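For reference, the structure is listed below as structure tokens.
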Amino acid sequence: MKIISKYFDGEKSDSEIEDLKKNLKKFQQLFEHMQEGFAYHKIICNEQNKPIDYQFIEINPAFEKLTGLKKENVIGKTVKEVLPGIENFWIDRYGKVALTGQSVEFEDYSRELNKYFNIKAYCPEIGTFAVIFKDVTSEFLAIKKIKENEEKFRAVCETAKDAIIMIDNNGNVILWNKAAEEMFNIKAEEILGEDLHKIIAPNRYYENYIKNFTHFKNSGKGNLVGHTRELFGLRDKKEFPIELSLSAVKLKGKWCSVGVIRDVSERKLNEKKLVESIESFKNIFENTTMGIYRADVKGNILMVNKTILKMFGFDSLDEMNERLVNSNFYVNKNKRTAFRKILFERGKIFGFEEEMIKKNGSKIYVRESAALFKNEEGETIYYDGTIEDITDKKINEKITIEARKKAEQSEKTKTEFLRQMSHEIRTLVNVIMNYLQLLRDEEDFANSEDTEVKEAYGAIKYAFKRLVRTVDLILNSSELLTNSYKSNKRDINIYTEILLKVFGEHKKTTKFKNLNLEINKNSIYNFVCCDEYSVYQILDNIVDNAIKYTQEGTILLKTENDANKNLLITITDTGIGISQEYLEVIFDPFTQEKAGSSREFDGTGLGMTLVKGYCKLNNIDIRIESQKNYGTKMLLLFKNTRK
């Protein structure tokens, strides 16, 4: 051994040499058999005396075993030759030992050898260093694993939604996670080291806890250990429901307990609501007037409410099922087959009507609905349904249908009567009008200067026109009320084809009353898709009313287009106006602002009702602006104007 042989230099006596040889042999045996690795090196420096490498001078067998490096491959070589990828910090650290003589002890990882070592390095003489080391990889990895597990445990504890609490062998808190802080409203620093049960457990639990805790301290066993129980905890000195799972762990030879606590306040509240909901459903199920049942896929009744039993006259479900097996509930079995086919094809059915047989043999009409329910595998396991007794409804429907038919026949008869009456009156009126016209055309009448006769003629002609108008109003209103009016819509130039005709028709009447009737065309778009007859009636009735209720002044017919190019017609008069109260009911049938025999103006009260109905038929918005004694403006907006 080179490190020891230097002590043989110089002259020694034989006995000294013999003693040295014996000591050398002892050291050599120790060197060869020591468990720690040993290596002796010489440091190599550059010109600036900075360590840049070191040379292997001696190693022991333990070195070979711990590093996997053979003696013949390292002695005399530098570390960079043996381990080319060695990190520089090894050379720097050992260089400082060799050059200063200061010993060091440390643990570090060798990337080249992929191991952790505990190393003691010292300086036998300046410029050299020796290391004694041992492999601590397994211990280091075990500690690292423990630390990682501790970090994981800490992370789990801190992120857990449930409170995680640990108490030591004396019942004092040694672990209190964030969830526990939030659940009990107590910070960790406030409770660590304190007696847990005195703080978070109700007083009624404490006596039992003290009684059993001594047994737990000695054995790690207890009534709650290994179980989950529902108890109560304290938060701000108020009780709340918790779920406690308790386990025992042994730390440093002493039993400690770990509790996982969950706040079940919300769950308890939901359970209470569920119970209430079930009770509520049960009450509804038993007391509803609608029959409710559940049946299997074969049609066997599994469950019914009292309503169904009462509906069919049975005392129990068993009696009902017995009847179902031995006979049939259904008057028409094909209807039942159709019901089940629809149900199983679509998964549900609503409002299926059928006739069924009660226990006493009488028949009832029912309306039935049902829906299939399936398991996780998609197999139908049962279906739930409802049954409603509609016997009375069916009877009422039959009565209603018969009454409707009679009413329709009555309306038809009335309409035909009105048509016939209109025809008869018009025929007679036309005869009278024709003879009046003949009289007027007589030369003596034409040349007569008798003003009273001519005025009488005019009055008779006006009265007959109003009579025809009255008949038309009654007939047209009847058609609207019975939905028997057939419209014929086409594109019509409202101004030229209708408004000018209305203007010409009433020009003579206004002249007779010394009124001015004017027309003002400011519109470009006048074509509207509408029904000609009903639009004519709208304008004719409005202008007729304007003339009737105007004693002096002007009636102005005006056309224009709004911002959307729709045709707008306004009829403005200087008449008596309409009160705000009557404006609210003006479109109701048979209404007039003044009623009774003393009223100033004649009329049926159907004109504005007819106008409103015809406006709706032609998609016309109608609006009225009026004030008593200040005239009236009627506005008609045609929404079907052709642009």
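What you see is a predicted model, and the numbers here were worked out from it, not measured in a lab.
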Subject >> Stepwise side-chain contact (heavy atoms from CB on, under 4.5 Å) test for Leu500 and Tyr495 >> reply: CA-CA 6 Å; Leu500 285 179; Tyr495 181 77; 3.8 Å; yes
**OP:** Could you give me the CA-CA distance, side-chain angles and deciding distance for Asn360 and Ser362, then say whether side chain to side chain donor-acceptor pair (under 3.5 Å) is met?
**Re:** CA-CA 6 Å; Asn360 61 10; Ser362 62; 2.7 Å; yes
Original post:
If you draw the axis of the six-membered ring of Phe312, does the NZ or CZ of Lys359 fall within 45° of it and under 6.0 Å from the ring centre?
Top reply: no
Original post:
Under 3.5 Å, is there a donor-acceptor pair between the side chain of Asn640 and the main chain of Val528?
Top reply: no
Original post:
Of Asn618, Asn619, Asp621, which meets side-chain hydrogen bond (donor to acceptor under 3.5 Å, both in side chains) against Lys639?
Top reply: Asp621
Original post:
Is the count of non-hydrogen atoms from other residues, nucleotides or ligands lying under 6.0 Å from Glu376 atom CD greater than 12?
Top reply: no
**OP:** Assess the side chains of Thr554 and Asp573: does a donor N or O sit below 3.5 Å from an acceptor N or O?
**Re:** no
All N/O donor-acceptor pairs, side-chain side in residues 339-346, below 3.5 Å, sequence neighbours left out:
{"from": "Arg340", "atom 1": "NH1", "to": "Tyr383", "atom 2": "OH", "distance (Å)": "3.4"}
{"from": "Arg340", "atom 1": "NH2", "to": "Val297", "atom 2": "O", "distance (Å)": "2.6"}

Original post:
Are side-chain heavy atoms of Arg267 and Glu271 found at a separation under 4.5 Å?
Top reply: yes
Original post:
Given the rule in the side-chain contact (heavy atoms from CB on, under 4.5 Å) test, do Ile555 and Ile571 qualify, once you have shown the distances and angles that lead to the verdict?
Top reply: CA-CA 7 Å; Ile555 293 100; Ile571 299 96; 4.2 Å; yes
**OP:** For residues Leu317 and Leu302, report the shortest heavy-atom separation together with the two atoms involved.
**Re:** CD2-O, 3.4 Å
**OP:** Compute both the distance and the angle, then confirm whether Lys501 meets the cation-pi test with Tyr536: under 6.0 Å from the six-membered ring centre, within 45 degrees of the axis.
**Re:** no
**OP:** May I have all residue pairs that pass ring pair (Phe, Tyr, Trp, His ring centres under 6.0 Å) and include part of residues 557-579, sequence neighbours excluded?
**Re:** none
**OP:** Go through Lys268 and Glu230 one step at a time and tell me if the salt bridge (charged side-chain N to carboxylate O under 4.0 Å, His left out) criterion holds.
**Re:** CA-CA 11 Å; Lys268 286 293 183 182; Glu230 289 188 357; 2.6 Å; yes
Original post:
Which pair of heavy atoms, one from Ile301 and one from Val304, lies closest together, and at what distance?
Top reply: CG2-CG1, 3.2 Å
**OP:** Report the residue from Lys335, Lys348, Arg336 that forms a salt bridge (Lys or Arg N to Asp or Glu O under 4.0 Å) with Glu368.
**Re:** Arg336
Subject >> Residue pair Ser265 / Arg235: nearest heavy atoms and the distance that separates them >> reply: OG-NH2, 4.4 Å
Original post:
For Glu239, what residues pass the salt bridge (charged side-chain N to carboxylate O under 4.0 Å, His left out) criterion, not counting sequence neighbours?
Top reply: Arg204
Original post:
Are there more than 12 heavy atoms of other residues, nucleotides or ligands under 6.0 Å from atom NZ of Lys273?
Top reply: no
**OP:** Before giving the answer on salt bridge (charged side-chain N to carboxylate O under 4.0 Å, His left out), spell out for Arg623 and Glu625 the whole-Å C-alpha distance, their side-chain angles and the decisive distance to 0.1 Å.
**Re:** CA-CA 7 Å; Arg623 185 161 54 90; Glu625 297 176 1; 2.5 Å; yes
Subject >> From CA spacing to verdict: side-chain contact (heavy atoms from CB on, under 4.5 Å), Ser316, Leu309 >> reply: CA-CA 7 Å; Ser316 67; Leu309 294 176; 5.6 Å; no
Subject >> Close side-chain approach of Leu557 and Val543, heavy atoms under 4.5 Å >> reply: yes
Original post:
Just checking, Arg642 and Phe527: is the charged tip under 6.0 Å from the six-membered ring centre and within 45° of the axis?
Top reply: no
Original post:
Under 3.5 Å, side chain of Thr510 to main-chain N/O of Asn516, donor-acceptor pair present?
Top reply: no
Original post:
Under 3.5 Å, is there a donor-acceptor pair between the Asn334 and Thr337 side chains?
Top reply: no
**OP:** Can you sort out the partners of Arg404 under salt bridge (charged side-chain N to carboxylate O under 4.0 Å, His left out), two or more places apart, ordered by chain and number?
**Re:** none
**OP:** Check whether any side-chain heavy atom of Ile547 lies under 4.5 Å from a side-chain heavy atom of His506, and answer yes or no.
**Re:** yes
**OP:** Compare every heavy atom of Met311 with every heavy atom of Ile364, then report the nearest pair and how far apart it is.
**Re:** CD1-CG, 4.0 Å
**OP:** Would you check if Glu354 and Phe352 make a side-chain contact, meaning some heavy-atom pair closer than 4.5 Å?
**Re:** yes
Original post:
Does some side-chain heavy atom of Phe587 sit less than 4.5 Å from a side-chain heavy atom of Ile624?
Top reply: yes
**OP:** Indicate whether the side chain of Asn488 and that of Asp531 have a donor and an acceptor atom separated by less than 3.5 Å.
**Re:** no
**OP:** Take Glu532 and Arg490 through the salt bridge (charged side-chain N to carboxylate O under 4.0 Å, His left out) test and state the conclusion after the steps.
**Re:** CA-CA 8 Å; Glu532 182 178 3; Arg490 63 182 180 87; 2.8 Å; yes
**OP:** Check whether any side-chain N or O of Ser626 sits under 3.5 Å from a backbone N or O of Ile578 as a donor-acceptor pair, and report yes or no.
**Re:** yes
Subject >> Side-chain H-bond candidate by donor/acceptor type, Asn526 with Asn493, under 3.5 Å >> reply: no
Original post:
If you look at every heavy atom in Ile569 and Ile494, which pair is closest and at what distance?
Top reply: CD1-CG2, 3.6 Å
Original post:
Do any pairs count as a salt bridge (Lys or Arg N to Asp or Glu O under 4.0 Å) and have a residue in residues 301-315, sequence neighbours left out, and if so which ones?
Top reply: none
Original post:
Which residue pairs pass the salt bridge (Lys or Arg N to Asp or Glu O under 4.0 Å) test when at least one of the two sits in residues 388-399, sequence neighbours left out?
Top reply: Glu353-Lys394, Arg367-Glu388, Glu388-Lys393
Subject >> Tyr630 OH: over 12 foreign heavy atoms closer than 6.0 Å >> reply: no
Original post:
Are the side chain of Asn566 and the backbone of Asp562 linked by a donor-acceptor contact shorter than 3.5 Å?
Top reply: no
Subject >> Where Leu556 and Ile519 come nearest, the two heavy atoms and their spacing >> reply: CD1-N, 4.4 Å
Original post:
Is there a donor-acceptor pair closer than 3.5 Å between any side-chain N or O of Lys521 and the backbone N or O of Ser523?
Top reply: yes
Original post:
Do Ile387 and Tyr293 touch side chain to side chain, with heavy atoms closer than 4.5 Å?
Top reply: yes
Original post:
Would you say Thr641's side chain and Phe638's backbone share a donor-acceptor pair under 3.5 angstrom?
Top reply: yes
Subject >> Short side-chain to backbone donor-acceptor contact, Asp544 and Leu539, under 3.5 Å >> reply: no
**OP:** Check whether any side-chain N or O of Lys507 sits under 3.5 Å from a backbone N or O of Leu517 as a donor-acceptor pair, and report yes or no.
**Re:** yes
Original post:
Can you find a pair of side-chain heavy atoms, one from Glu355 and one from Asn332, that are under 4.5 Å apart?
Top reply: no
Original post:
Given the rule in the side-chain contact (heavy atoms from CB on, under 4.5 Å) test, do Val331 and Met356 qualify, once you have shown the distances and angles that lead to the verdict?
Top reply: CA-CA 5 Å; Val331 174; Met356 301 181 75; 5.9 Å; no
Original post:
Is there side-chain contact between Leu568 and Asn561, with at least one heavy-atom pair below 4.5 Å?
Top reply: no
